[in-house]
Amino acid sequence: MTNPTAEALIERSNRLGSDPKNTNYAGGNTSAKGTDTDPVTGQPVELLWVKGSGGDLGTLKESGLAVLRLDRMRALVDVYPGIDREDEMVAAFDYCLHGKGGAAPSIDTAMHGLVDAAHVDHLHPDSGIAIATAADGEELTAKIFGDKVVWVPWRRPGFQLGLDIAEIKKQNPQAIGCILGGHGITAWADTSDEAEANSLWIIETASAYIAEHGKADPFGGIRSGFEALPEAERRERAAALAPTIRGIASHDRPQIGHFTDADVVLDFLASEKAPELAALGTSCPDHFLRTKVKPLILDLPATASVDEQVARLHELHEQYRADYQAYYDAHATAESPAIRGADPLIVLIPGVGMFSYGANKQTARVAGEFYVNAINVMRGAEALSTYSPISDAEKFDIEYWALEEAKLQRMPKPKTHQGRIAFVTGAASGIGKAIATRLAAEGACVVVADLDLEKAQAAAAELGNTDVAIGVAANVADADAIQAALNATVLAFGGVDLVVNNAGLSLSKPLLETTEKDWDLQHDVMAKGSFLVSKAAARALIDQKLGGDIIYISSKNSVFAGPNNIAYSATKADQAHQVRLLAVELGEYGIRVNGINPDGVVRGSGIFASGWGANRAATYGVAEEDLGQYYANRTILKREVVPENVADAVYVLTGPELSRTTGLHIPVDSGVAAAFLR
């Protein structure tokens with residue numbers, strides 16, 4: 001049973017964290033002090049429940065709380081070795097834990113444990129950070145809040161900051177909270193409801209003051225030519241630029257992307273002050289840890305051509321990397337962790353929108369949300385004063401903090417396909433669905449492309465939320481439809497790395513019954529469709545400069561002359577030779593092209609369910625329900641082939657083990673000697 005104090009804390013945290021005006025995703029922390037029964041002594045014990053490291057307030061559960069004994073937590077003051085060694089105190093928190101399980105204590109635990117209040121909230125509201133980053137933030141704090149809220153000069157989160165705030169509360173008994181310079185807000189109270197009310201009062205009072213007293217145009221006027229393009233045009237431009245930008249962001253390590261063309265972003269990028277403000281970077285530690293110290297912003301108007309913008313982006317990327325290396329060199333010491341990469345995580349394109357990047361889709365999306373927070377912060381600070389974030393030296397100390405490095409080192413090893421984006425055609429059922437499922441399980445972001453949009457979206461939903469997979473409509477015989485599907489792919493995840501030509505159908509007929517329409521339909525979907533998909537995807541793969549994989553799901557029939565399927569087998573032979581041709585042509589770009597030749601995949605197969613199975617069963621003189629076993633019996637291994645076996649082959653071909661393999665066809669047929677490749 002959850003302790004009532006902890007239960008009330010979780011409810012308060014969820015309310016505060018579910019509203020973005022109060023704090024960003026995974027930002028801030030809350031706490032409550034109360035008593036519970038010590039299972040060892042049977043006596044009451046004073047405890048601190050506090051949101052643990054890396055958790056999110058909006059979705060906080062009991063498992064996300066760290067629980068510490070207050071007597072031991074407060075006793076740490078007596079052994080605190082001073083600010084030069086304050087990082088050691090984080091490890092000391094582990095010796096204060098009560099019970100088993102729960103989350104790891106965060107760096108902000110001291111703030112919550114040492115402040116003499118039963119309930120404490122530390123949040124990152126845009127309005128509060130706007131005051132915290134204003135050049136005259138201390139004066140504004142007094143003017144806006146009187147003596148109810150106290151200014152705290154910037155100090156890196158840690159034990160000393162907890163001591164400072166505890167002393168401020170002691171010296172200011174009338175205060176309900178404080179503005180943390182360059183950082184955020186902290187509020188406190190004797191009850192959970194009062195703490196929540198105090199937090200909201202600070203946030204809303206700051207917001208109302210900015211709205212009433214702030215300048216109408218804090219970012220200045222509009223730059224001619226930098227205004228937002230019409231929606232359809234800007235999204236087409238975003239799709240055209242996305243692969244290039246992802247390649248820029250992934251120079252050091254593969255990144256997943258996110259795109260937004262929200263009005264708040266477009267309005268900022270059109271403004272006169274955007275270049276100088278962007279160059280100042282973000283201030284709140286949660287912001288710049290996710291967005292890097294500053295973004296890359298394109299300095300060409302929206303009216304420039306795609307080619308001009310691409311060329312300029314590559315120039316700006318070189319400068320960005322040089323600047324970031326200089327930033328690292330200027331502040332690193334012999335004890336600093338190695339540089340973690342010099343590529344931007346936020347790329348701003350005036351008139352188009354913002355691209356944000358991370359190791360996975362959620363991280364990329366949240367990075368973009370954080371930069372929107374930063375824009376709102378800059379607007380508020382500029383409306384009242386001058387935006388003045390913490391120095392680069394302070395940012396570096398947090399970005400390359402030993403504690404932050406330790407947190408990164410504790411992260412689980414990435415799966416084989418993490419950071420890769422897969423586009424699978426015909427993936428709403430059968431072999432395609434099995435492939436999509438396997439790739440998602442191995443960490444890839446997956447686009448389920450299918451002729452039936454509803455089925456594609458339903459199949460994608462089975463794999464996870466839209467951070468994992470999306471469904472798109474894709475008529476592979478229509479070049480425009482394919483381009484639209486790939487545009488949706490690059491806007492959803494930043495680019496594409498792995499393309500599986502799986503869409504197919506079959507009509508089992510002898511030569512004299514095969515019509516021209518039958519022939520054209522099968523060739524349009526498989527031979528022509530694979531060609532169109534590969535051509536459209538190759539453009540994006542080449543622009544990314546990251547290599548990639550194209551996989552063709554061909555067939556045993558591409559090399560085996562079976563009865564009554566001339567159209568199907570001929571188009572499969574076409575696909576098989578496309579593999580060889582494209583492997584030669586695309587190899588110079590690091591793009592590998594390989595094929596898989598399945599046979600006898602009856603269970604779960606859309607082709608067999610659509611009538612092909614009945615026809616093949618009749619051809620071989622067996623009952624349709626026995627067709628799978630019939631195919632198995634004629635193989636060397638006598639084992640039935642299922643969709644998951646084909647998915648396994650895709651996994652191996654696109655994983656790290658066969659990185660030097662291209663132009664290969666892998667049979668997945670349990671051994672059909674007549675179809676052996678020679």
Side-chain angles (χ1 to χ4, degrees), residues 425-435 450-452 455 501-527 529-530 552-577 595-650 665-678:
T425 67
S429 63
I431 291 174
K433 187 175 182 180
I435 293 168
D450 201 89
L451 190 61
D452 189 318
K455 290 181 179 178
N501 281 308
N502 169 74
L505 79 162
S506 182
L507 303 172
S508 176
K509 295 181 180 180
L511 172 63
L512 297 182
E513 294 177 17
T514 300
T515 66
E516 185 177 349
K517 183 178 179 181
D518 295 335
W519 177 274
D520 288 343
L521 176 61
Q522 293 181 85
H523 279 71
D524 280 350
V525 171
M526 290 177 284
S530 297
Y552 279 68
I553 307 301
S554 183
S555 170
K556 174 265 298 181
N557 287 35
S558 66
V559 294
F560 174 78
N564 299 342
N565 63 357
I566 182 171
Y568 177 80
S569 295
T571 195
K572 284 300 180 181
D574 186 316
Q575 285 185 306
H577 201 48
I596 296 168
N597 291 348
D599 184 49
V601 184
V602 178
R603 271 193 282 160
S605 168
I607 287 179
F608 277 89
S610 65
W612 170 264
N615 286 328
R616 300 318 290 166
T619 297
Y620 296 123
V622 299
E624 185 175 358
E625 60 268 23
D626 297 329
L627 187 60
Q629 190 57 49
Y630 170 82
Y631 281 128
N633 289 340
R634 72 182 189 181
T635 68
I636 296 169
L637 298 177
K638 302 294 190 290
R639 299 179 68 184
E640 185 176 356
V641 180
V642 296
E644 288 71 21
N645 301 138
V646 184
D648 291 342
V650 173
H665 280 278
I666 293 183
V668 182
D669 58 12
S670 283
V672 178
F676 281 178
L677 298 173
R678 296 175 176 84

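Values in this document were obtained by computation on a predicted structure and should not be read as measured data.
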| message | Can a side-chain donor-acceptor contact be found between S530 and Q575 if the only test is distance below 3.5 angstrom? | response | yes
| remark: Heavy-atom nearest pair, T635 first then D669, reads CG2-O, 3.2 Å
| task | Output yes when a side-chain donor or acceptor of D520 lies under 3.5 Å from a complementary backbone atom of K517, and no otherwise. | result | no
| query | So, the side chain of T571 versus the backbone of A527: is there a donor-acceptor pair under 3.5 Å, distance only? | reply | yes
| query | Does any N or O in the side chain of H665 come within less than 3.5 Å of the main-chain N or O of L677, such that one atom is a donor and the other an acceptor? | reply | no
| task | Decide yes or no for V622 and L627: does some side-chain heavy atom of the first lie under 4.5 Å from some side-chain heavy atom of the second? | result | yes
| query | For the residue pair A649 and V668, what are the closest heavy atoms and their distance? | reply | CB-CG2, 3.8 Å
| request: Check ring-ring contact (aromatic ring centres under 6.0 Å, His included) between F560 and all other residues, then give those that pass, not counting sequence neighbours. | output: none
| said: Check this for me: E625, atom CD, are more than 12 non-hydrogen atoms of other residues, nucleotides or ligands nearer than 6.0 Å? | reply: yes
| task | Indicate yes or no for a side-chain donor-acceptor contact from N502 to the backbone of T425 under 3.5 Å, with no hydrogens or angles considered. | result | yes
| said: Would you say that V650 contacts I553 through its side chain, given a criterion of any heavy-atom pair below 4.5 Å between the two side chains? | reply: yes
| note | Residues P598 and V646: closest non-hydrogen pair is CB-CG2, 3.9 Å
| task | List the atom of A567, the atom of Q522, and the distance in Å for their closest heavy-atom pair. | result | CB-NE2, 3.2 Å
| request: List in chain and number order the residues that pass salt bridge (Lys or Arg N to Asp or Glu O under 4.0 Å) with D518, two or more places apart in sequence or in another chain; answer none if no residue qualifies. | output: K509
| query | Where the side chain of S670 meets the backbone of R639, is there a donor-acceptor pair that is under 3.5 Å apart? | reply | yes
| Check: N557 and D599 side chains under 4.5 Å, non-hydrogen atoms | yes
